[in-house]
Amino acid sequence: MIMYQEYTLRDGTKKSIKVVEGRSYKEEMKLLGITERDILSMQLLDKKSLQKPK
């Protein structure tokens, strides 16, 4: 099953990235161009949950 990490940022936007074995949390943030201070919440989702209208 493909899993994604979804970051909800303080400005209300959401960014998601595919979870890759061996990639650290810091590497994910660098790829997304965000910092810890930007993050309001994080959640791990499968592909179906990611595509649901919210």
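Computed from a predicted model, the values in this text were never measured in an experiment.
- Interatomic distance, Gln43 CD to Ser16 OG, rounded to the nearest 0.5 Å: 10.5 Å.
- Looking only at distances, a side-chain donor or acceptor of Lys15 sits under 3.5 Å from a matching main-chain atom of Leu32.
- Taking each heavy atom of Ile39 and Tyr25 in turn, the nearest pair found is CD1-OH, 3.6 Å.
- In the hydrophobic cluster analysis, where Ile, Leu, Val, Met, Phe, Trp and Tyr join through side-chain heavy atoms closer than 4.5 angstrom, Ile34 is grouped together with Met42.
- Every residue meeting the side-chain hydrogen bond (donor to acceptor under 3.5 Å, both in side chains) condition with Glu28, not counting sequence neighbours, appears here in chain and number order: Tyr7.
- Residues Met29 and Glu36 have side chains in contact (heavy-atom distance under 4.5 Å, counting atoms from C-beta outward).
- For Lys30, the side chain to side chain contact (heavy atoms under 4.5 Å, CB included) test picks out no residue, with sequence neighbours left out.
- Residues Lys14 and Leu9 form no side-chain contact, since every pair of their non-hydrogen atoms from C-beta on lies 4.5 Å or further apart.
- Take Asp46 and apply the side chain to side chain contact (heavy atoms under 4.5 Å, CB included) test, not counting sequence neighbours, and it matches Met1, Met3, Lys48, Ser49.
- Partners of Ser24 under the side chain to side chain contact (heavy atoms under 4.5 Å, CB included) rule, at least two apart in sequence or in another chain, are Lys26, Glu27.
- When the side-chain hydrogen bond (donor to acceptor under 3.5 Å, both in side chains) test is applied to Thr13, the partners found at least two apart in sequence or on another chain are Asp11.
- Leu45 and Ile2 fall within the same hydrophobic cluster, defined by Ile, Leu, Val, Met, Phe, Trp and Tyr side-chain heavy atoms under 4.5 Å apart, directly or through other members.
- Remark: Leu31 pairs with Ile17, Arg23 by the side chain to side chain contact (heavy atoms under 4.5 Å, CB included) rule, at least two apart or across chains.
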